[in-house]
Structures are given as C-alpha cells and as structure tokens.
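Below: one structure, written as structure tokens.
Everything numeric here is computed off the predicted structure, so don't read it as measured data.
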Amino acid sequence: MKRALVSVVIMACGLSLVGCGGSKTASEESYNLPKAKISVSKDTPSWKKDKEKANLTWYVNFDWFAQKWGKDYATKFITEDTNVSITYQAGTSENLNTKMASGDLPDIVTLDSQDPLVKDAAKWALPLDVLSKKYDPYFYNGASKEEVTKYYTTKDGHLYGYPNYATTKADYEKGGLYGNEAFLVRKDIYEQIGKPDMSTPEGFIAALKKVQELGLKDDSGKPIVPLGTWPLLTPDDNRIFSGMLADMIGVPLTKNDKQYDRFMDKDFQKWFSTLSQARRDGLTDRDMVTMNDDNNNAQVINGSYFAYFQPNIIGDTDPMSQRSLKSPDASYIAVNGPASTIGRKTIVQGPSLEGWTLTFISKKVKNPEKAMELITYLTSPEGDNVMNFGREGKTFKMVDGKPVLNEDLLTLKQTDPAKYETEIGLGTHPWVTDSALLSRQMGVSQFPAALMQQKEWTMDHLVFPGKITNLDAMLSKESGRNLNKINQNWSQTVAKILNAKSDSEVANYFKDFNSYRESTGWKQITDERNKQIEYNIEKGQ
C-alpha cells in the first residue's frame with residue numbers, strides 16, 4: 001500500500017478487537033461529552049443539519065502519506081458538505097507513542113489494523129457507538145455496514161475503530177471484486193518465445209532459459225533478467241515467498257477448519273527447489289534478495305524483467321504506468337504462472353473484513369460532534385461516492401445508475417496516476433472507504449490502464465479468506481513476539497534457500513526453519529490462530 005494509495009494484528013483478551021472476554025467499560029456519562037447542538041435523527045445524517053464549521057487534526061500512522069487536505073477535488077467537496085476541514089499529520093508508531101505518552105493526541109487517528117496500540121483503544125479512543133447515539137444515529141442506520149460493526153464491536157459492547165477496505169460475504173455475492181497479486185510477464189517477450197506453459201517446474205525453468213538464450217536487452221541496454229520480483233525481504237513482510245507463492249500453487253489456507261501449515265506443504269517446498277534452481281542457473285535478478293523500491297521501480301520502468309512475481313499490483317501503479325506509456329507492446333501482463341503439481345487450483349486471496357486500517361476518534365478530540373459527523377459521512381455510500389468520484393455534473397455523470405468519471409479525469413487517472421493523486425485526489429483519502437462499493441461502481445476502469453488486464457486476471461481466481469480474518473490480530477503478546485521472530489527467521493531462510501547449491505540443501509533449510517519454529521512457540525501460535533478461526537466461523541466468515 002505504501003507505494004500507491006489507489007490497491008492488514010492486535011493482541012488478545014481484555015480490550016482486544018474481537019474474541020476474548022472483558023468487563024463493561026464506563027457508562028456514556030463518564031465521557032463528559034458536550035450536548036449535541038442539533039436535533040439528531042437515525043434517518044438523516046447530522047452533517048446535513050449541522051452548519052457549524054470545525055477544524056480537526058487527523059493523524060495517519062504512515063510516514064509516507066503526503067496528501068494535503070483542501071488541495072484536491074475530493075477534500076474540497078468533503079469540506080463543502082460537512083463543514084469540516086482537516087489538518088493531516090503523518091508519522092511512525094514512534095511518533096504516535098510519543099503523542100500517547102504526552103497526552104497530545106490528535107482528534108482522529110488512523111492505524112494499521114495490526115498495530116499493537118489497537119488493543120488499548122478503550123484507553124485512548126471514544127466509542128463510536130456512544131458518539132453515534134449522541135450525535136449521529138445515522139452512522140448505524142444508513143452509513144456503516146452492519147456486518148462490519150458487529151464484527152468489530154468488542155466484548156465490552158463498544159465499537160472503537162472502523163476499518164477501510166472491509167469486505168463482507170455479501171460483497172462477494174454481489175461480484176465486481178478484484179485481487180491484488182499476479183504472476184506477470186513482459187508481453188512482447190512472452191509472445192516471442194511462443195507463450196509457453198510456465199505452470200510446471202520444468203516449463204517454468206525452460207521458459208526462463210529460452211529468454212536468457214535470446215540475449216535480449218532492456219531499455220537501458222542491459223541484459224534482460226529472466227525472473228525478477230517485487231522488493232523481497234523485510235522482517236514482517238514475506239508475501240512473495242510465502243503467501244503469494246502458496247496462493248499461486250493453490251496451497252490451502254485451512255484444513256478441517258484448522259490452520260493449514262503451508263510452509264511444510266510438499267508442493268510448496270518443491271516449487272522452492274525450482275526457484276533455487278533458477279537462481280543457481282543464473283536466471284534470476286542477482287540483487288533480488290536485497291532489492292529496494294527504487295531499484296525495483298527502475299527495473300520495471302525499463303522493462304528489465306521477463307517474468308515478475310507481483311504480490312501488490314496496486315503498489316506498482318506508477319512504474320507500471322510509466323512502463324506502459326513508454327512501451328505499450330512491451331508492458332507487463334498477468335498469465336498463469338507457477339501452479340500446483342498435484343492438481344490444486346490457483347487462488348488469489350481477496351479482501352475480507354480485516355481490511356487494512358482502523359480509524360478512531362480520540363478522547364482528546366476538540367469537537368466530538370463534528371468528528372462523528374465526518375466519520376458518518378465518509379462511511380456512508382453518499383460520502384464514499386464523493387470521496388471516490390467527486391460531484392455529479394462537475395467530475396462525474398451517472399450512467400446506468402453508476403457514477404462515471406468525466407473523460408478527461410478518467411484519462412488522467414489511467415495515464416498519469418501520480419498527477420491524478422496529487423491534483424484530483426479522488427480515491428486517495430481511503431481511511432474509511434468501502435472498496436467493494438467502488439469496485440462494483442467502476443469495474444476495471446477504476447484502475448490505471450497499465451493494471452487493468454492484471455486486475456481482470458485475478459477475478460477468476462478470487463477467494464474469500466473469511467476464516468482467517470484477523471488471524472494474527474488476536475495473538476497474545478508472547479505469541480506476537482514469537483511470530484515476529486519466526487518471520488525474521490523465515491526471511492533469512494528464504495535467502496538461504498534461494499542461494500542453496502542443491503535440492504538437499506533446500507530440504508535441510510526447511511527442516512532447520514521448522515525446528516526453529518517449534519522451539520519458538522509455534523504450537524501456541526497455532527492454537528491461538530485456531531481459536532480465531534473458530535471465532536470467525538461462529539461469526540459466519
């Protein structure tokens with residue numbers, strides 16, 4: 001997500017997000033909330049009645065977020081409707097911890113849903129249910145999704161944070177959703193070598209070797225790299241050589257309603273041996289283990305890779321768009337790549353109730369009434385529509401009951417997404433947005449042109465990962481620490497596997513990784529995850 005705005009684990013019990021028990025919190029009166037300035041109604045959102053102006057601060061816990069309120073169409077329209085202006089603050093968890101310690105909290109706070117601070121939300125955030133009852137009952141009656149509010153209501157009976165991108169089973173039934181991971185190839189080279197079947201280990205290696213033998217050059221005059229990958233290894237993000245590869249070859253997420261150990265799956269390990277072989281044969285980017293964002297962007301823009309593992313399609317919006325504009329016939333497309341050797345179907349995990357972030361109204365909020373009105377507005381279909389499409393007659397028109405961006409804006413979005421984000425801003429303030437609604441409204445045209453085919457490819461493989469929603473959100477503090485250690489060890493193991501000299505070395509590295517897990521609380525992590533799976537099933541996921 002950090003590479004484009006246009007593409008989600010809290011600890012356990014007490015004040016946790018969902019799950020374990022907890023005692024009742026203080027009564028509504030204890031929050032000392034000011035009296036509502038207007039007469040509220042469950043049938044009419046309060047922002048339509050309240051004409052008072054307010055300036056609020058909104059902290060987004062991502063230091064890369066650089067949007068400015070009031071500088072683009074989206075925020076100008078939102079302020080026109082709600083009379084609320086926002087001063088954004090962006091930073092890291094260290095910055096936010098400092099604010100927490102000093103008591104100098106902003107009015108609204110957005111965190112990654114996995115941030116440990118979420119578990120203590122009752123200490124620093126006001127319950128949205130209390131605020132809604134007092135200031136804007138429409139939040140529950142017409143704005144938020146019932147399935148979402150029920151899921152995120154804690155055992156103390158309160159709802160503290162509201163997610164963005166939260167997607168329900170009902171959303172899947174309505175259709176129009178897309179995944180975000182795919183195996184990509186450079187279109188012209190793929191066609192030049194006869195569109196080979198790369199779904200088997202043998203076909204995969206053969207295709208890469210064929211590209212190598214052609215001796216092709218990229219736009220900068222350097223040899224084409226047969227196999228590249230998105231930036232690979234960080235301690236908490238191993239999407240490519242864990243989740244994505246396992247998805248591509250159809251490794252189950254659960255079995256008999258229990259966590260399935262994807263790492264120890266024989267098919268998974270076989271494909272790792274294949275990737276290690278590709279590395280030994282000189283078919284991969286020599287820097288793939290240490291690749292950073294800037295290096296990777298340059299490779300994509302120059303068309304340096306033939307084949308490319310992409311776990312975050314939206315995250316490559318800008319480089320993919322630049323590549324497509326630069327060389328349309330040599331852009332990247334999604335194809336059926338590595339697949340199961342035992343007949344499983346490829347899966348692409350779609351969005352779930354887990355979403356991406358959670359947004360809260362802090363106990364230090366200067367104007368709780370206006371803050372609640374803004375949250376209600378943004379979570380409602382009407383506000384969501386303004387945030388993503390703007391104003392009818394100015395930025396979009398209705399066609400067959402759906403909003404369609406003006407042609408000039410749609411062209412800008414598809415050809416220059418960076419400029420569109422900065423100047424137009426529609427869809428770039430997504431902190432409580434309903435991405436499922438957006439997908440149904442716009443279809444594939446919501447994406448920049450360079451991503452359309454990639455996104456369309458995901459639709460045939462999309463699965464609802466409801467059973468594993470918030471799987472690590474409910475881990476105990478001890479298990480959370482152990483999982484971080486295991487993830488770090490897996491990062492190191494991946495590097496060892498990719499540089500292994502033989503298949504037997506690969507097998508030994510998997511054995512070593514498994515031994516490390518077993519000695520680092522893996523059984524407890526598995527038990528806690530299985531309890532969350534049980535909870536999700538009880539919740540209808």
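- Every residue two or more places apart in sequence or in another chain that forms a salt bridge (Lys or Arg N to Asp or Glu O under 4.0 Å) with Asp247 is listed here: Arg262.
- When side chains are defined from C-beta on, Leu409 does not count as touching Phe396, because their heavy atoms never get closer than 4.5 Å.
- Residues satisfying the salt bridge (Lys or Arg N to Asp or Glu O under 4.0 Å) test with Asp197, not counting sequence neighbours, are none.
- Enclosure of atom OH in Tyr73 is not indicated, since only 12 or fewer non-hydrogen atoms of other residues, nucleotides or ligands lie within 6.0 angstrom.
- Atoms OG1 and CG, from Thr458 and Leu177 in turn, are 9.5 Å apart once rounded to the nearest 0.5 Å.
- Take Lys145 and apply the side chain to side chain contact (heavy atoms under 4.5 Å, CB included) test, not counting sequence neighbours, and it matches Val148, Tyr162, Thr168, Asp171, Asp434, Ala436.
- Taking the side chain to side chain donor-acceptor pair (under 3.5 Å) definition, one finds that Ser304 meets it with Asp218, Gln299, sequence neighbours left out.
- Here Thr284 pairs with Arg279 under the side chain to side chain donor-acceptor pair (under 3.5 Å) rule; sequence neighbours left out.
- With rounding to the nearest 0.5 angstrom, the NZ atom of Lys413 is 11.0 Å from the CD atom of Glu421.
- Using a 4.5 Å heavy-atom threshold, the side chains of Pro351 and Phe464 count as separate.
- Two residues are said to be in side-chain contact when any heavy atoms from C-beta on lie closer than 4.5 Å; Asn61 and Tyr59 meet this criterion.
- Judged as a side chain to side chain donor-acceptor pair (under 3.5 Å), and not counting sequence neighbours, Asn406 has no contacts.
- In terms of the ring pair (Phe, Tyr, Trp, His ring centres under 6.0 Å) criterion, residue partners of Phe263 (sequence neighbours excluded) are, by chain and number, Trp490, Phe513.
- For Thr433, the side chain to side chain donor-acceptor pair (under 3.5 Å) partners two or more places apart in sequence, or in a different chain, are Asp384, Asn388.
- Legend: residues meeting ring pair (Phe, Tyr, Trp, His ring centres under 6.0 Å) with Trp457, ordered by chain and number and at least two apart, are His461.
- Around the NZ atom of Lys195, the shell of radius 6.0 Å holds no more than 12 heavy atoms that belong to other residues, nucleotides or ligands.
- Aromatic pair Phe272/Tyr509: ring centres not closer than 6.0 Å.
- Under the salt bridge (Lys or Arg N to Asp or Glu O under 4.0 Å) criterion, Glu423 pairs with no residue at all, not counting sequence neighbours.
- Checked against ring pair (Phe, Tyr, Trp, His ring centres under 6.0 Å), Phe309 has the following partners two or more places apart in sequence or in another chain: Phe183, Phe241.
- Asp261 pairs with exactly one of Lys255, Lys266, Arg517 by the salt bridge (Lys or Arg N to Asp or Glu O under 4.0 Å) rule, that one being Arg517.
- Thr520 places none of its side-chain heavy atoms less than 4.5 Å from the side chain of Asn489.
- Phe62 meets the ring pair (Phe, Tyr, Trp, His ring centres under 6.0 Å) test with Trp64, Trp356, Trp431; sequence neighbours excluded.
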